[in-house]
Amino acid sequence: NNWTAGWGIAPSVAFFRKEAQDQKIFIATEGTFGMLPEALELYLVQNPNITIKGYWPFGETIPEDMLMYAKKMPSYFVVFQKENLKKVKNYPLTLIFKVKDAKSPYYYYVYQIMPPGKKI
């Protein structure tokens, strides 16, 4: 019933597969080990249109390379630990969807990273 249970992986894999059918996409994940990015890599690593990169630690300012990818292609950021939502509140993100983690108070969020100059 907690964020480590993998809630949100199946719908996000389906979403990313659809998005990458005819274009390149970038997926940033909260964390560099454990559930993310590994859970997404298991299902998506063979798709040449998908680049996945984990970030840890990350701070109050969005990493520059996330913005670089967002300028070139549709880019997404997956966040799943509620204590890190405060850090990303000032990032240029648009919520795509969220999945509640069963009986826990946690959600799995998929955001689109908005490139500089594009309205959120």
Kindly write out the residues that satisfy salt bridge (charged side-chain N to carboxylate O under 4.0 Å, His left out) with K53, not counting sequence neighbours, or none if the list is empty. D65

Taken in chain and number order and not counting sequence neighbours, the residues that satisfy side-chain contact (heavy atoms from CB on, under 4.5 Å) with F97 are P11, S12, F15, V99, V110

Step-by-step side-chain contact (heavy atoms from CB on, under 4.5 Å) determination, Y108 to V78: CA-CA 7 Å; Y108 175 102; V78 179; 3.4 Å; yes

Set of residues satisfying side-chain contact (heavy atoms from CB on, under 4.5 Å) with respect to Q23, sequence neighbours excluded: E19, I25, P74

Start with the C-alpha gap between Y91 and I113, add the side-chain angles, then the distance that decides, and say whether side-chain contact (heavy atoms from CB on, under 4.5 Å) holds. CA-CA 8 Å; Y91 285 20; I113 304 166; over 6 Å; no

What's the verdict on side-chain contact (heavy atoms from CB on, under 4.5 Å) for I52 and V45, showing C-alpha distance, side-chain angles and the deciding distance? CA-CA 8 Å; I52 301 169; V45 73; 5.8 Å; no

Would you mind reporting whether R17 and L44 have side-chain heavy atoms less than 4.5 Å apart? yes

Residue pairs, two or more places apart or on separate chains, that pass salt bridge (charged side-chain N to carboxylate O under 4.0 Å, His left out) and touch residues 20-49: none

Which heavy atom of N49 sits nearest a heavy atom of N47, and at what distance? N-OD1, 2.8 Å

Can you find a heavy atom in the side chain of V79 that is under 4.5 Å from one in the side chain of Y111? yes

So, taking the atom named OH in Y107 and the one named CG in L95, what distance separates them when rounded to the nearest 0.5 Å? 11.0 Å

Minimum heavy-atom distance K89-K86, with the two atoms named: CG-O, 3.3 Å

Listed partners of Y109 passing side chain to side chain donor-acceptor pair (under 3.5 Å), at least two apart: none

Would you say L67 and P115 make side-chain contact, with heavy atoms under 4.5 Å? no

Minimum heavy-atom separation for T29 to P37, with atom names? OG1-CB, 3.4 Å

What's the separation between atom CG in L40 and atom CD1 in I50, rounded to the nearest 0.5 Å? 9.0 Å

List in chain and number order the residues that pass side-chain contact (heavy atoms from CB on, under 4.5 Å) with T51, two or more places apart in sequence or in another chain; answer none if no residue qualifies. F26, Y69

Do any pairs count as a ring pair (Phe, Tyr, Trp, His ring centres under 6.0 Å) and have a residue in residues 30-60, sequence neighbours left out, and if so which ones? W56-F58, F58-F77

So salt bridge (charged side-chain N to carboxylate O under 4.0 Å, His left out) across residues 69-81, not counting sequence neighbours, yields none

